Amino acid sequence: RIVGVHPPLYFLFEKIVVGLSGTSESGLRLLSALAHLLGLIFIARLGKRVGGIAGMLAGAWFWAFTPMTIVFSRDARPYALMAMLSAACLDFFTSAQENSGSRTLWLAGLCLGMGLITHYFFLLVFGVTLLVVFANLRRRRIFFRRWILVVMLAILPLLAWLIWFLSLENPSFGIGWIESPTWIDLPFTFWNLLSGY
């Protein structure tokens with residue numbers, strides 16, 4: 001509640017892991033390393049589903065050797081868990097779309113709910129699944145209805161945490177080392193994006 005930059009799920013899991021492994025540097029980073037390895041399995045399954053054996057190998061290769069995922073796996077922060085939950089959610093989501101299985105649909109929803117209380121970047125996965133469902137609305141109306149129900153249930157933990165967090169006297173979502181943006185930052189950000197490409 002005091003930090004407020006990240007939702008609480010990673011810290012709850014970290015408390016459990018540290019209770020078992022100790023507060024050494026490796027103990028603090030163990031959860032991220034395990035999440036990275038589990039994410040490798042989910043991304044390989046997702047790659048195989050969408051691209052066969054070549055997709056599985058490519059997905060696993062990039063997950064294992066992309067600098068971003070390597071840094072996430074070595075850092076005692078929520079990013080590796082968020083990435084793993086993203087891979088798991090998309091794996092179960094695509095599986096549920098293919099065979100309309102209720103088990104994989106609910107597993108995708110569970111990952112969605114957990115991801116939303118792990119890191120706010122997970123809203124991108126949330127948005128992508130909604131875009132996919134809306135794009136296929138005419139062909140998969142039943143799946144659309146089921147996924148909207150799952151999404152509404154997955155939002156409940158996030159809403160509970162937000163209510164709990166906002167009950168503080170002075171809740172702060174700020175990050176201390178980043179200055180608050182101003183209106184002039186918008187064109188500069190757009191210029192930086194264009195000049196980078």
Side-chain angles (χ1 to χ4, degrees), residues 1-14 25 28-29 31-33 35-36 39-40 42-43 46-47 50 58-91 93-94 108 111-137 147-148 151-152 154-155 157-197:
R1 284 176 77 161
I2 294 170
V3 176
V5 176
H6 303 291
L9 188 65
Y10 171 81
F11 301 104
L12 175 67
F13 286 163
E14 184 72 2
E25 187 172 341
L28 290 171
R29 295 172 189 236
L31 176 60
S32 293
H36 175 72
L40 179 66
F42 285 119
I43 209 71
L46 178 62
V50 298
W61 174 269
F62 283 110
W63 187 274
F65 297 110
T66 298
M68 180 183 71
T69 58
I70 292 170
V71 168
F72 287 175
S73 71
R74 298 174 63 195
D75 202 4
R77 295 182 55 84
Y79 303 117
L81 181 62
M82 178 209 50
M84 183 275 292
L85 288 169
S86 299
C89 181
L90 294 176
D91 178 33
F93 177 76
T94 56
C111 292
L112 189 68
M114 290 172 67
L116 288 171
I117 57 172
T118 299
H119 199 281
Y120 58 91
F121 285 170
F122 198 86
L123 288 169
L124 294 172
V125 174
F126 179 81
V128 165
T129 61
L130 286 177
L131 286 175
V132 168
V133 168
F134 278 112
N136 295 314
L137 177 60
W147 185 248
I148 294 302
V151 163
M152 289 180 355
I155 290 174
L158 176 64
L159 292 177
W161 173 73
L162 284 173
I163 290 168
W164 181 67
F165 177 73
L166 293 174
S167 68
L168 286 172
E169 266 186 52
N170 297 314
S172 171
F173 288 101
I175 300 174
W177 52 272
I178 297 177
E179 292 182 25
S180 297
T182 62
W183 287 106
I184 195 67
D185 292 327
L186 291 173
F188 285 143
T189 301
F190 186 69
W191 169 251
N192 285 338
L193 180 67
L194 290 178
S195 64
Y197 290 103

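Model, not experiment: these values are computed from the prediction. One is the number of the first residue; the rest follow in order along the sequence.
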Exercise. What are the two closest non-hydrogen atoms of Ile43 and Gly59, and how far apart are they?
Worked result: CG2-O, 3.6 Å

Problem set entry | Residues in side chain to side chain contact (heavy atoms under 4.5 Å, CB included) contact with Ile184, at least two apart in sequence or another chain | Thr182, Pro187, Phe188

Seminar exercise, completed: Heavy-atom closest pair (Gly39 atom, Ala87 atom, distance to 0.1 Å) is O-CB, 4.1 Å

Exercise. Which value, rounded to the nearest 0.5 Å, describes the distance between Leu31 atom CG and Met84 atom CE?
Worked result: 8.0 Å

For this session: Would you indicate whether the side-chain heavy atoms of Leu90 and Thr129 approach each other to under 4.5 Å?
Result: yes

Exercise. Among all residues two or more places apart in sequence or in another chain, which pass the side chain to side chain contact (heavy atoms under 4.5 Å, CB included) test with Phe121?
Worked result: Tyr79, Met82, His119

Problem set entry | Side-chain heavy atoms of Phe190 within contact of Leu186, under 4.5 Å | no

For this session: State, to 0.1 Å, how close Phe93 and Ala108 come at their nearest heavy-atom pair, and which atoms those are.
Result: N-CB, 3.7 Å

Exercise. Yes or no on side-chain contact (heavy atoms from CB on, under 4.5 Å) for Leu130 and Ile148, after CA distance, side-chain angles and deciding distance?
Worked result: CA-CA 8 Å; Leu130 286 177; Ile148 294 302; 3.9 Å; yes

Problem set entry | Phe134: partners by ring pair (Phe, Tyr, Trp, His ring centres under 6.0 Å), with sequence neighbours left out | Phe144

Exercise. Between CD1 of Ile117 and CG of Leu85, what distance do you get to the nearest 0.5 Å?
Worked result: 9.5 Å

Exercise. Phe42: what forms a ring pair (Phe, Tyr, Trp, His ring centres under 6.0 Å) with it, not counting sequence neighbours?
Worked result: Phe92

Seminar exercise, completed: In short, Ser32 meets Ala76 closest at the heavy-atom pair OG-CA, 4.2 Å

Exercise. Listed by chain and number, what are the side chain to side chain contact (heavy atoms under 4.5 Å, CB included) partners of Thr69, not counting sequence neighbours?
Worked result: His36, Trp63, Thr66

Problem set entry | Contacts of type ring pair (Phe, Tyr, Trp, His ring centres under 6.0 Å), residue Tyr10, not counting sequence neighbours | none

Seminar exercise, completed: Of all heavy-atom pairs linking Leu158 and Leu116, the shortest is CD1-O, 3.5 Å

Exercise. Which residues pass the ring pair (Phe, Tyr, Trp, His ring centres under 6.0 Å) test with Phe65, sequence neighbours left out?
Worked result: Trp61

Exercise. Do the non-hydrogen side-chain atoms of Cys89 and Phe122 ever get within less than 4.5 Å of each other?
Worked result: yes

Problem set entry | Phe72 side chain near Leu81 side chain, heavy-atom distance below 4.5 Å | no

Exercise. What residues form a side chain to side chain contact (heavy atoms under 4.5 Å, CB included) with Asp75, not counting sequence neighbours?
Worked result: Arg77

For this session: Locate the shortest heavy-atom distance separating Glu14 from Leu28; write the atom from each residue and the value.
Result: OE2-O, 2.5 Å

